[in-house]
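Here the structure is laid out as structure tokens; the discussion comes afterwards.
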Amino acid sequence: MPTSGHVGNHDDEEGDHPTVRVQTIDELHSLQRKRSAPSTPRGNAQPASSLNLSEEERSKMQLESISASLASLTRGSGPKVVRGDPAARRFEGSRHAHAQRPAVTPTIAVSDSALKFTHVLYNLSPAELYEQAIKYEKGSFITSTGALATLSGAKTGRCPRDKRVVKDELTESELWWGKGSPNIEMDEHSFMVNRERAVDYLNSLDKVFVNDQFLNWDLENRIKVRIVSARAYHSLFMHNMCIRPTPEELEDFGTPDFTIYNAGQFPCNRYTHYMTSSTSIDLNLARKEMVILGTQYAGEMKKGLFSVMHYLMPKRQILSLHSGCNMGKAGDVALFFGLSGTGKTTLSTDHNRYLIGDDEHCWSETGVSNIEGGCYAKCIDLSRENEPDIWNAIKFGTVVENVVFDEHFREVDYADRSVTENTRAAYPIEYIPNVKLPCVGPHPKNVILLACDAFGVLPPVSKLSLSQTMYHFISGYTALVAGTEEGIKEPQATFSACFGAAFIMLHPTKYAAMLSEKMQNNGATGWLVNTGWSGGSYGTGSRIKLSYTRKIIDAIHSGDLLNAEYKKTEIFGLEIPTEVDGVNSEILDPENTWSDKQAYKETLLKLAGLFKNNFETFTDYQIGDSNNLTQEILAAGPIID
Ligand SMILES: Nc1ncnc2c1ncn2[C@@H]1O[C@H](COP(=O)(O)OP(=O)(O)O)[C@@H](O)[C@H]1O
Ligand SMILES: C=C(OP(=O)(O)O)C(=O)O
Ligand SMILES: [Ca+2]
Ligand SMILES: [Mn+2]
């Protein structure tokens with residue numbers, strides 16, 4: 001009971017609890033927040049801060065740099081950029097927040113767009129990005145495990161046919177153009193038209209997200225990237241996928257080495273030369289810029305930057321690899337090459353080994369390094385039993401794309417294909433418990449080529465000679481089932497040079513020559529692992545059990561398979577083991593698993609023919625310095641007589 005009129009006596013009523021010393025509710029709310037910045041855990045590699053600037057000078061430089069990034073090149077000046085959410089009240093906010101003043105004021109207002117502010121949400125944290133997504137982006141929800149569920153819109157996968165690369169004097173001679181190449185040309189002028197379109201679109205918005213981050217855990221070859229985007233989903237995706245700077249690194253960030261303008265909600269148009277649809281992903285190596293129009297699929301950003309690395313790294317004698325990578329307790333490193341859906345992410349995420357990365361790596365004179373700071377796992381039919389580490393990584397901070405969940409409990413149904421078959425989860429690499437930080441390792445001991453052979457004729461595992469490894473690396477084979485429709489469909493063979501033709505920029509033989517040299521110098525062994533069908537093609541047979549594939553991979557890692565007993569297969573001439581610990585020996589020779597032997601032989605010959613046909617394009621090229629290797633590689637393919 002209140003006994004006196006003194007305000008302070010409320011304390012007595014509630015015992016000894018101290019009261020908050022504020023005058024207003026706003027003040028109370030401001031006490032909740034103090035400043036900090038998110039970053040990627042570094043392990044022991046931590047470069048120190050070098051510049052000595054005041055906080056105010058730094059903030060001003062940052063905003064000037066962002067304004068320069070967002071500048072219209074036809075109007076000449078950058079927009080007036082201010083930090084923070086336009087929806088937040090002016091001068092309200094955390095105790096240490098800067099007052100919101102424009103950093104750069106253009107001298108003459110040449111258009112309405114020059115009169116308005118562009119609000120910049122700079123390197124927001126996952127929590128802040130969740131709030132932005134949930135408030136402003138339709139289709140954003142928190143799942144029962146705390147992940148952010150988003151929709152990528154009409155495009156639920158990459159659009160390789162809409163990728164364009166600026167052909168100028170330099171790139172004309174340096175890059176791979178023409179048949180089989182992923183580099184479809186555009187000219188500088190058309191690039192500028194699309195760049196201006198993206199910049200104008202971004203500047204017309206209330207706010208844009210800016211991420212300043214790094215690529216490549218090899219500190220000597222680290223690349224600074226800036227991603228300007230319109231959606232919190234895109235900003236969180238890249239926050240997870242690129243390497244997150246420490247607060248000190250961010251202070252010294254300066255000018256990025258490469259910038260992405262993601263205006264994915266806004267289309268390009270066919271009046272622009274070289275455009276064939278309303279989607280365009282444009283790469284300009286001279287300007288160090290990429291423009292995205294007409295697709296919101298976030299994977300375009302990650303794989304777009306990978307293309308850039310496939311250009312920059314080989315120039316430094318570093319091999320860029322579309323592969324997963326992990327390391328055993330004894331320091332033995334394995335690479336997992338393979339096209340989409342063949343098992344790079346699944347098999348590099350191995351509870352008994354240290355994860356270096358799931359998708360993009362560099363192999364330099366000193367060893368391997370991950371390019372990224374996160375993983376991008378397929379979630380279709382994901383199960384806790386088969387893939388516990390990926391399952392557990394889908395928690396607060398993780399972006400799940402295009403998954404279906406129940407309305408009330410928000411439990412994700414990983415078997416649901418209503419939106420797409422290509423459902424995805426993007427999470428920071430440290431969400432995998434046995435990650436190797438920093439994400440670097442010594443030279444690889446095993447190079448595992450993954451093929452998901454839906455024809456069901458490739459053996460579950462074969463040991464390869466160096467020339468066979470090169471033959472299969474250049475071929476880059478996989479065959480997935482054609483679609484998700486009911487009924488039996490012909491498997492669709494895909495050949496993608498270097499297991500990543502969509503991302504390489506130079507001729508495949510350049511990467512192949514480097515791989516061959518590195519494997520030889522470091523005594524690495526090549527393996528071909530079929531993660532696809534057994535006992536018949538798709539429709540008759542079934543996919544090889546993940547638990548079997550894991551046993552096979554274990555035997556490669558442990559060295560058991562190196563010295564096992566082998567026999568040679570006909571046609572492909574592959575060395576196959578007669579026994580693998582924990583695997584039914586029957587299945588090691590695919591012929592055993594087909595009840596119709598005639599059908600097996602026909603299918604095998606058919607696939608061999610497809611390999612031969614595909615390799616025709618490469619027969620005119622020399623690989624490496626001598627013609628010998630080239631001849632050996634040609635002889636290492638299937639032999640049909
Ligand atoms: N035997 C197997 N080996 C590897 N993956 C398998 C196997 N059987 C089924 N899968 C499934 O295939 C998919 C492989 O995809 P993923 O690892 O994401 O490929 P990538 O990273 O190469 O694109 C996963 O959904 C995995 O669960
Ligand atoms: C991100 C991708 O890679 P992957 O399927 O190889 O994991 C992709 O192909 O869009
Ligand atoms: Ca990939
Ligand atoms: Mn993957």
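Counting starts at 1 for both ligands and their atoms, in listed order.
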**Request:** Sort out for me which residue in Ile281, Ile260, Val225, Asn211 forms a side-chain contact (heavy atoms from CB on, under 4.5 Å) with Met301.
**Result:** Ile260
**Prompt:** Taking the non-hydrogen atoms of Gly338, is any one of them nearer than 4.0 angstrom to ligand 1?
**Reply:** no
**Fill in**
Output for pair (Ser320 OG, Met313 CE), nearest 0.5 Å, gives 8.0 Å
**Request:** For ligand 1, note which part of Thr345 has a heavy atom under 4.0 Å away: side chain, backbone, both or neither.
**Result:** both
**Message:** Geometry only, no angles: is Ala377 polar-contacting ligand 1 at N/O separations under 3.5 Å?
**Reply:** no
**Request:** Measure from the Mn ion (ligand 4) to each N, O or S atom of Thr345 and report whether any distance is below 2.8 Å.
**Result:** yes
**Item:** Under the side chain to side chain donor-acceptor pair (under 3.5 Å) test, residues paired with Asn614 that sit two or more places apart
**Value:** none
**Prompt:** Is it true that Leu339 lies under 4.0 Å from ligand 1, counting heavy atoms only?
**Reply:** yes
**Request:** With atom 19 (O) of ligand 1 as the reference point, say which of Ser348, Gly324, Gly343, Gly532 has the nearest heavy atom.
**Result:** Gly343
**Asked** Tell me, which pairs form a side-chain hydrogen bond (donor to acceptor under 3.5 Å, both in side chains) where one or both residues lie in residues 584-594, sequence neighbours left out?
**Response** Lys567-Asp589
**Item:** Option set His322, Arg543, Arg424, Lys545, criterion heavy-atom distance to atom 12 (O) of ligand 1, minimum
**Value:** Arg543
**Message:** I'd like the name of whichever of Ile553, Leu546, Ile552 reaches closest to atom 4 (C) of ligand 1 through any heavy atom.
**Reply:** Leu546
**Request:** Could you tell me whether Leu347 and ligand 1 have an N or O pair separated by under 3.5 Å?
**Result:** no
**Request:** From atom 18 (O) of ligand 1, work out which of Lys378, Lys344, Glu387, Arg550 has a heavy atom at the shortest distance.
**Result:** Lys378
